Amino acid sequence: MGGDDAYGRTALDMFTTEVTRLGVCVAFRVIIPKLPSQLQLQDIVKTIRDSTAHVLVAFAIEEDIQPVVEETVRQKVTGKQWVASEAWITSTLISTNYPSFSGTIGFAIRRAEIPGLRTFLQSLQPLADPYNPSAREFWETQFQCSFNTSMPVGSMADPVHYNHTCTGQEKIEDTETIYNDVSQLRVTYNMHKAVYAVAHALHNLLMCKKEESSTDKQQQCPDIYNLQPWQVIQYLKEVNYTNVFGDTVYFDEYGDPVASYDVVNWQNGTEGGPLQFVTVGRFDSSLPKEQQLVLHQDSIVWQGGSRETSLSARSALRTSGPTHSATFALTSRSSFCPTPRVSEWPSQPQPSWVLLLP
């Protein structure tokens, strides 16, 4: 299953090519329209429900997959193993509201604990910096109050005036919001690595200016007072360091960073609580190929609460990952693989894709 965008379509094309090469039959493919009608959603889920395929692989952002998930629950479709892409495998919106999706598994951007971040976020003081209108806007929205000031807010939207007056002494640490939730620092960690990579590049650029003394070498060092973007990029390509989390940060010949992912499994919480994101494996492209993908299969809970699953589910997970180099044995169940069914919606210029593996 894929979203009707470059992300969904490209991922589906690559995935289809890889699983076909490995001998897996694709039962059918459907693309999720960006603004699907109720009829389109019903037809997508009917196809899922009526198919004999048991494994569904979905490459879509949270906003695109959520309506399909909701309709799947409404039609009471069960017995399907969902393999999620990194765009929605850590979606609290879906995992919290749809507990029947327990057993979903997929690759997630690696999570990290960033020391001091929560304390830093809770130190926000909107009155301490009057030129930070975004802080004031956040504060007013969070605590449903208004400051007695004429300073403009950060948003282009019309300001909302609340009956309660903000004092600036409200306690962020007493709230539970996405702002101070540091339990799933994944995209945040990628941003952390990006900022430090640029910092290392700039440091090396400046050291070139300081260390080189000969006239010829001086000409090879960038002029920091007339710096060009391509010069920073050149130093960025040469970045290679190990951060405080033990990860080596560098870029390959194509300009890609090390692919580092957690394998995340949705499992039921204790005493009927929300689904938990449990790390059951890891992928690291910097390791030798035979060591890149590690799955703790005894820790995985598949759909229906099962600890065991079919070869097709494990194959779909491995093939849906961030590389095509994962090695594993796969034997085709049939020498004949029928052409997958493709569903097209009249309102869409191109078909939306849904991938289901039998």
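The model shown is predicted, which means the values in this text are computed figures rather than measured ones.
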Checklist entry - Does a donor on one side chain sit under 3.5 Å from an acceptor on the other, for T72 and R49? => result no

Within one Ile-Leu-Val-Met-Phe-Trp-Tyr cluster: [X] and [Y], side-chain cutoff 4.5 Å:
X	Y	value
V294	W302	no
V77	W88	yes
L185	L124	yes
F283	L287	no
Y241	V198	yes

Below 4.5 Å, heavy atoms only, C-beta onward: do [X] and [Y] meet side chain to side chain?
X	Y	answer
W266	V301	no
T175	Q142	yes
V249	V258	no
I224	L205	yes
N204	E238	no
I44	T47	no
Q267	V280	yes
T279	V263	no

Check: [X] side chain, [Y] main-chain N or O, donor-acceptor pair, under 3.5 Å:
X	Y	value
K80	L56	no
S146	Y162	yes
Q122	I172	no
Q66	I94	no
Q291	P288	no

Considering all heavy atoms of both residues, which atom of [X] and which atom of [Y] are nearest to each other, and what is their separation?
X	Y	answer
C145	E170	SG-OE2, 4.3 Å
P99	N268	O-OD1, 4.3 Å
Y189	N243	OH-ND2, 3.0 Å
N265	T104	ND2-O, 3.1 Å
K34	D4	CE-O, 3.5 Å
Q38	E71	NE2-OE1, 2.8 Å

Near [X] [atom1], under 6.0 Å, is it more than 12 heavy atoms from other residues, nucleotides or ligands?
X	atom1	answer
D174	CG	yes
Y98	OH	yes
D50	CG	yes
H296	NE2	yes

Separation of [Y] [atom2] from [X] [atom1] (nearest 0.5 Å):
X	Y	atom1	atom2	answer
S286	D252	OG	CG	11.5 Å
L236	H200	CG	NE2	11.5 Å
R110	S260	CZ	OG	5.5 Å
K237	Y254	NZ	OH	13.5 Å
S51	K46	OG	NZ	11.5 Å
D64	I32	CG	CD1	6.0 Å

Checklist entry - Of W139, F143, F138, F120, which meets ring-ring contact (aromatic ring centres under 6.0 Å, His included) against Y179? => result F138

Checklist entry - When the ring planes of Y261 and F107 are compared, do they come out parallel, tilted or perpendicular, using 30° and 60° as the limits? => result perpendicular

Item to check | Audit row: E18, M14, side chain to side chain contact (heavy atoms under 4.5 Å, CB included) steps and yes/no | outcome: CA-CA 6 Å; E18 185 68 9; M14 297 174 66; over 6 Å; no

Next on the checklist: Determine whether E140 and R136 satisfy the following criterion, salt bridge (Lys or Arg N to Asp or Glu O under 4.0 Å), listing intermediate values before the conclusion.
Outcome noted: CA-CA 6 Å; E140 291 183 339; R136 196 194 92 185; 3.5 Å; yes

Checklist entry - Checking side chain to side chain contact (heavy atoms under 4.5 Å, CB included) for the pair V26/F15: CA distance, chi angles, key distance, verdict? => result CA-CA 10 Å; V26 178; F15 180 80; 5.7 Å; no

Item to check | Working for side chain to side chain contact (heavy atoms under 4.5 Å, CB included), residues Q42 and S37 | outcome: CA-CA 9 Å; Q42 290 173 356; S37 66; over 6 Å; no

Checklist entry - Could you go step by step and tell me if Q184 and T90 meet the side-chain hydrogen bond (donor to acceptor under 3.5 Å, both in side chains) rule? => result CA-CA 8 Å; Q184 295 294 325; T90 54; 5.5 Å; no

Next on the checklist: For a side chain to side chain contact (heavy atoms under 4.5 Å, CB included) check, start with the C-alpha distance between F245 and K193, then their side-chain angles and the critical distance, and finish with the verdict.
Outcome noted: CA-CA 10 Å; F245 306 102; K193 290 191 289 186; over 6 Å; no

